[in-house]
Number of protein chains: 2
Amino acid sequence: MTASSRPAHPRERRTAGDRRAQLVQIGLELLPTTPVQELTIDEVARRAGISRSLLFHYFANKREYYTAVTRAAADLLWEHLLPAPGTPPEEQVTGMLDRYVGWVETFRESHLAFVRGAAGGDPWVSEVYADTRRRLVEVALAALELPDDALRRQLVLAWFAFTEDLVGQWVHEPTTTRPELLDLLRDVLRGLVGDRPALLRAGR
Amino acid sequence: MTASSRPAHPRERRTAGDRRAQLVQIGLELLPTTPVQELTIDEVARRAGISRSLLFHYFANKREYYTAVTRAAADLLWEHLLPAPGTPPEEQVTGMLDRYVGWVETFRESHLAFVRGAAGGDPWVSEVYADTRRRLVEVALAALELPDDALRRQLVLAWFAFTEDLVGQWVHEPTTTRPELLDLLRDVLRGLVGDRPALLRAGR
DNA sequence: CCGGCTTGCTGAGCAACGCTCAACAAGCTA
DNA sequence: TAGCTTGTTGAGCGTTGCTCAGCAAGCCGG
């Protein structure tokens with residue numbers, strides 16, 4: 001009123017791409033403290049220094065926004081896990097496992113929050129991570145030089161669930177050494193789908 | 001207006017216990033179609049034929065309501081899985097496994113919706129099912145006549161995650177026969193925590 | 001310099017929903 | 001009849017997701 005008609009924070013104008021990226025980034029930063037679906041448009045807009053309306057200019061609705069955030073988180077994980085091209089097959093799986101545990105160790109709550117959000121509630125969000133997992137199965141089976149029939153796919157997916165759960169517990173209460181954990185996980189996987197499966201008696 | 005001042009549906013007065021049970025029951029019926037946290041008070045009250053206000057008389061807030069619904073679902077599962085007293089130990093685990101698969105086969109979407117809701121999002125809801133799982137671990141380890149040290153607990157919990165995931169996939173795409181599935185799950189468990197563990201090299 | 005176009009952006013406002021509160025009413029007891 | 005307990009409701013408030021008409025900043029052709 002007393003001052004100029006310009007707002008205190010002069011309106012910051014960005015390109016569409018920049019703004020979208022910023023909003024997703026803010027979502028990522030809020031992930032550890034807030035379940036994805038409970039992010040409020042108000043809070044995100046406030047942190048971005050924009051109006052609520054603008055967020056709806058970039059995302060049709062709230063769900064589209066937080067699925068975008070979830071996808072961004074899944075992509076970060078995916079890129080971190082993927083073996084460098086040229087890695088010999090036998091090292092690929094151990095490498096991915098090692099990096100996965102490292103990832104969980106580094107981000108702890110943040111990652112657990114992501115998994116929770118991805119596992120539960122909204123089907124749209126679940127589908128995002130389910131997609132990433134499916135791609136990881138392909139990579140894993142290829143690295144193990146095994147065919148990916150339906151049964152093996154299911155077993156590797158279930159082994160992911162096992163791994164996620166176990167590593168999640170382990171970072172909070174390390175009941176074994178890190179190398180032992182890695183060996184265990186690799187042995188379980190080999191036992192499940194390896195070419196001379198110790199467990200997979202149910203061949204077809 | 002034209003008729004008496006009484007409402008069309010004459011007010012149905014119930015005891016506190018009955019009303020609470022009815023509301024929880026309605027929540028259970030809505031579970032398969034709606035993620036727990038997205039249940040609207042309006043919808044539940046409408047189905048119960050009461051005002052929104054009354055629901056808040058029985059549950060302090062929305063979360064308290066849907067955790068009650070979740071707990072009810074978890075209790076149903078728990079009661080269905082528990083071995084009958086007097087069952088010989090070696091039959092207890094196979095029996096629980098058999099009943100678990102039967103449960104998932106029977107309720108399919110309903111159960112998957114429950115697991116999703118329990119796994120994701122709201123920590124309060126997660127805790128409800130986490131509690132049930134912890135009790136199941138105790139039962140399982142006792143049935144296997146194994147000590148329940150920290151490592152074994154973690155492994156059995158992770159094996160639950162494995163089982164839930166695999167059975168969830170299997171009911172949608174049966175890649176093996178039912179007995180083969182049960183054998184596989186039992187073998188994996190034995191391999192993980194048995195007294196001569198095929199996989200548990202990481203002893204402490 | 002001006003009109004017009006594109007496009008990033010906002011404010012007012014609506015509808016749905018969670019939640020509160022004062023008060024009514026049905027049944028019991030005295 | 002009076003009074004107590006307790007199941008129940010309607011009005012209403014604040015927040016939140018979402019819409020819409022329109023402003024404003026930069027860029028263009030004339």
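Predicted, not measured: the structure shown is a model, and the values here were computed from it. Naming convention: chains lettered A, B, ... in sequence-line order (proteins, then strands); numbering from 1 in each chain.
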ask   = Salt bridge between B:R135 and B:E138, side-chain N to carboxylate O under 4.0 Å?
value = no

key: Side chain proximity check, B:L189 to B:T163, heavy atoms < 4.5 angstrom   = no

query = Below 4.0 angstrom from OP1 or OP2 of C:dC9, is there any side-chain N or O of A:H57?
reply = no

Only pairs under 3.5 Å count here: list side-chain donor-acceptor contacts from residues 71-97 of chain A, not counting sequence neighbours, and write none if there are none.
unit_1	atom_1	unit_2	atom_2	d
A:T87	OG1	A:A84	O	2.5
A:Q92	NE2	A:T87	O	3.0
A:T94	OG1	A:E91	O	3.0

ask   = Roughly how many Å is it from CD1 in A:I50 to C1' in D:dA24, rounded to a whole number?
value = 17 Å

inquiry  = Of the listed nucleotides (C:dC21, D:dT19, D:dG7), which one gets closest to any side-chain atom of A:S53?
reply    = D:dT19

task = Could I get the full list of side chain to side chain contact (heavy atoms under 4.5 Å, CB included) partners for A:F56, not counting sequence neighbours?
result = A:I41

ask   = Which residue lies toward the 5' end of DNA chain C, B:R63 or A:R52, if each is placed at its nearest nucleotide?
value = A:R52

inquiry  = Under 4.0 Å, heavy atom to any atom of DNA chain D: which of residues 31-44 of chain B qualify?
reply    = none

ask   = Centres of the B:Y58 and B:Y65 rings: under 6.0 Å?
value = no

Atom-pair distance (CZ on B:R19; C1' on D:dT9), nearest Å = 12 Å

ask   = In whole Å, what is the span from the CG atom of B:L23 to the C1' atom of C:dG18?
value = 16 Å

inquiry  = What is the distance, to the nearest angstrom, from the CZ atom on A:R13 to the C1' atom on D:dC23?
reply    = 11 Å

query = D:dT19 P sits how many Å from A:K62 NZ, rounded?
reply = 14 Å

key: Side-chain-base donor-acceptor pair under 3.5 Å for A:S51 and C:dG11   = no

task = Taking only Lys NZ, Arg NE, NH1 and NH2, and the carboxylate oxygens of Asp or Glu, determine whether B:D131 and B:R134 approach each other closer than 4.0 Å.
result = yes

query = Can you check whether B:Y66 and B:F59 have ring centres sitting under 6.0 Å from each other?
reply = no

key: Spacing of A:L54 atom CG relative to D:dT19 atom P, expressed in whole Å   = 14 Å

request  = Using atom CD of A:E64 as one end and atom C1' of D:dC18 as the other, report the distance to the nearest whole Å.
outcome  = 13 Å

message = Side-chain N or O of B:Y58 versus OP1/OP2 of D:dT8: is the shortest distance under 4.0 Å?
response = yes

inquiry  = By nearest atom, which of the nucleotides D:dG17, C:dG18, C:dC9 is closest to the B:F56 side chain?
reply    = C:dG18

query = Between A:E12 (CD) and C:dT7 (C1'), how many Å, whole number?
reply = 16 Å

